[in-house]
Amino acid sequence: MTTPAEHAALAVQGVRVSYPAPGGTRFRALSDVSLVLRQSEYVVVIGANGAGKSTLINAIAGAVVPEAGTISIDGHPVGRMSLLDRARLVSRVFQDPSVGVCGELTLEENLVLGMLKGRTRSPFRRAVTKERQARAAELLRDYGRGLDAQLHLPAASLSGGQRQLVALTVAMAQIPRLLLLDEHTSALDPEIARVVMERTDEAIRERRLTTVMVTHNMRQAARYGDRLVIMSRGRIVDDIGRDEKAALGEDGLIERFRSALAGELTDRILG
């Protein structure tokens, strides 16, 4: 059943974005893209380099201003939101593990910042309280990798995979209205990427988060998410719903990718 845009968790309607290119021309990164998500929907977006995936995520996050079209979260236009209002609604995990956490701060301090994201507070009130310390340990204990025993270590001392697990926890320390995952496992080695992806999937399912996850990896796209969107050259070229995705299975989805992305497939996409 189609969700009306005005009642959607996320409504991207007719969005167009272009960038300056050599010779005075402009490169069209998004061409009239429309995408509507209902509450708690978990959508995976896949495409080759230059397909427009990251531009789409940046536009939804408010980091890129479309030259045409509209984007709304819970009926509120993104372009009219203050940074504080946007922080209350949207959390994002980036490709680079060092971006989602502050290396100079401890794990505990990073998690407390996540708990306070989007809130206004007095500069004279202590941020790290005993209650928040206990909550930080509880959040990391779920991962079962000993991170809850390292709360007082600087985030810079962690491995890339550990940092990404902390970044994911920081992003979800408050339950966001919309979670954006921008190829958040692509910089990790395959084994830790698998662990981070499994923990990501568990957290999204448990919290029933409305999520847009961008990936370049076909097998990851086939295994995770409720709905699958395929992008090519700035457009959505296929949109596979929950029932169809389940019926196709992993092999059927990979054949669908091959058909939609003919001429754009690389070993990186094939995984």
Side-chain angles (χ1 to χ4, degrees), residues 1-15 30 32-47 51-62 66 69-78 81 85-94 168 171-185 196-232 235-250 252-253 256-257 260:
M1 183 174 66
T2 303
T3 302
E6 62 270 23
H7 301 303
L10 170 68
V12 178
Q13 297 179 290
V15 166
L30 294 178
D32 302 315
V33 169
S34 295
L35 180 67
V36 176
L37 273 67
R38 63 180 184 274
Q39 298 293 340
S40 303
E41 194 167 15
Y42 178 5
V43 174
V44 177
V45 179
I46 188 171
K53 307 183 303 297
S54 290
T55 301
L56 176 60
I57 285 279
N58 283 328
I60 293 170
T70 61
I71 300 172
S72 297
I73 298 171
D74 283 348
H76 305 291
V78 169
M81 289 182 194
D85 288 340
R86 204 178 299 154
R88 290 191 182 105
L89 293 175
V90 183
S91 285
R92 185 174 180 182
V93 184
F94 295 84
L168 183 66
M172 294 188 290
Q174 286 192 43
I175 304 299
R177 299 296 293 168
L178 179 65
L179 176 64
L180 303 176
L181 304 172
D182 190 0
E183 299 201 50
H184 71 302
T185 65
V196 171
M197 195 57 243
E198 287 177 356
R199 297 295 182 268
T200 300
D201 190 64
E202 289 170 5
I204 291 170
R205 301 291 184 190
E206 288 171 2
R207 295 167 172 81
R208 295 180 56 79
L209 297 177
T210 306
T211 303
V212 178
M213 183 180 89
V214 164
T215 183
H216 63 264
N217 186 290
M218 281 188 179
R219 297 196 179 279
Q220 193 177 80
R223 288 171 188 161
Y224 298 103
D226 303 320
R227 177 177 160 200
L228 185 57
V229 168
I230 304 175
M231 293 190 70
S232 176
R235 297 181 182 275
I236 291 176
V237 296
D238 206 348
D239 190 339
I240 305 168
R242 180 198 297 264
D243 293 343
E244 187 179 11
K245 186 174 188 284
L248 283 168
E250 189 169 323
L253 285 167
R256 189 80 160 253
F257 297 152

Out of curiosity, [X] [atom1] to [Y] [atom2], how far, rounded to the nearest 0.5 Å?
X	Y	atom1	atom2	result
M81	R86	CE	CZ	7.5 Å
E41	L178	CD	CG	11.5 Å
L168	S91	CG	OG	10.0 Å
M213	Y224	CE	OH	8.0 Å
T185	D182	OG1	CG	11.0 Å
L209	R177	CG	CZ	10.0 Å

Testing the basics here: between [X] and [Y], what is the closest heavy-atom pair and its distance to 0.1 Å?
X	Y	answer
L35	R227	CD1-NH2, 3.3 Å
V237	S232	CG1-CB, 3.9 Å
A171	R92	CB-O, 4.3 Å
H184	M197	CE1-SD, 3.9 Å
G14	S34	N-OG, 2.8 Å
G75	S72	C-CB, 4.1 Å

Handout entry: Residues that T215 engages under side chain to side chain donor-acceptor pair (under 3.5 Å), provided they are two or more places apart
Key =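 So T215 forms a side chain to side chain donor-acceptor pair (under 3.5 Å) with Q220.
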Problem - Sequence-distant partners of R223, side chain to side chain donor-acceptor pair (under 3.5 Å), two or more places apart - result: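 Side chain to side chain donor-acceptor pair (under 3.5 Å) list for R223, sorted by chain: E250.
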Handout entry: Salt-bridge present (D226, K245; N to O < 4.0 Å)
Key =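 Looking at K245 together with D226, the answer is no, because their closest N to O distance does not fall below 4.0 Å.
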Using the side chain to side chain contact (heavy atoms under 4.5 Å, CB included) rule, pick out the option among [options] that qualifies with [X].
X	options	answer
L180	V214, V90, L56	V90
P66	V15, V12, L30, T55	V15
L179	T211, T210, V212	T211

Practice task
Would you check if the side chain of N58 reaches a backbone N or O of S54 as a donor-acceptor pair within less than 3.5 Å?
Solution key: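 Side chain of N58 to backbone of S54: a pair is present.
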Problem - Stepwise side chain to side chain contact (heavy atoms under 4.5 Å, CB included) test for L181 and I204 - result: CA-CA 11 Å; L181 304 172; I204 291 170; 4.0 Å; yes
Do [X] and [Y] come within less than 4.5 Å of each other through their side chains, counting heavy atoms only?
X	Y	value
I73	V78	yes
L253	M218	no
R88	D85	yes

Practice task
Test V93 against M172 for side chain to side chain contact (heavy atoms under 4.5 Å, CB included), laying out the working first.
Solution key: CA-CA 10 Å; V93 184; M172 294 188 290; over 6 Å; no
Problem - Step-by-step side chain to side chain contact (heavy atoms under 4.5 Å, CB included) determination, L228 to F257 - result: CA-CA 10 Å; L228 185 57; F257 297 152; 3.1 Å; yes
Exercise for the section: Would you please test R256 and E244 for side chain to side chain contact (heavy atoms under 4.5 Å, CB included) and show each step? Expected result: CA-CA 11 Å; R256 189 80 160 253; E244 187 179 11; 2.9 Å; yes
Exercise for the section: Please determine, by modelled atom types, if D74 and Q39 share a side-chain donor-acceptor pair under 3.5 angstrom. Expected result: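 A pair is found: one side chain offers a donor N or O, the other an acceptor, under 3.5 Å apart.
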Problem - R205 atom CZ, over 12 foreign heavy atoms within 6.0 Å - result: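 Yes, enclosed.
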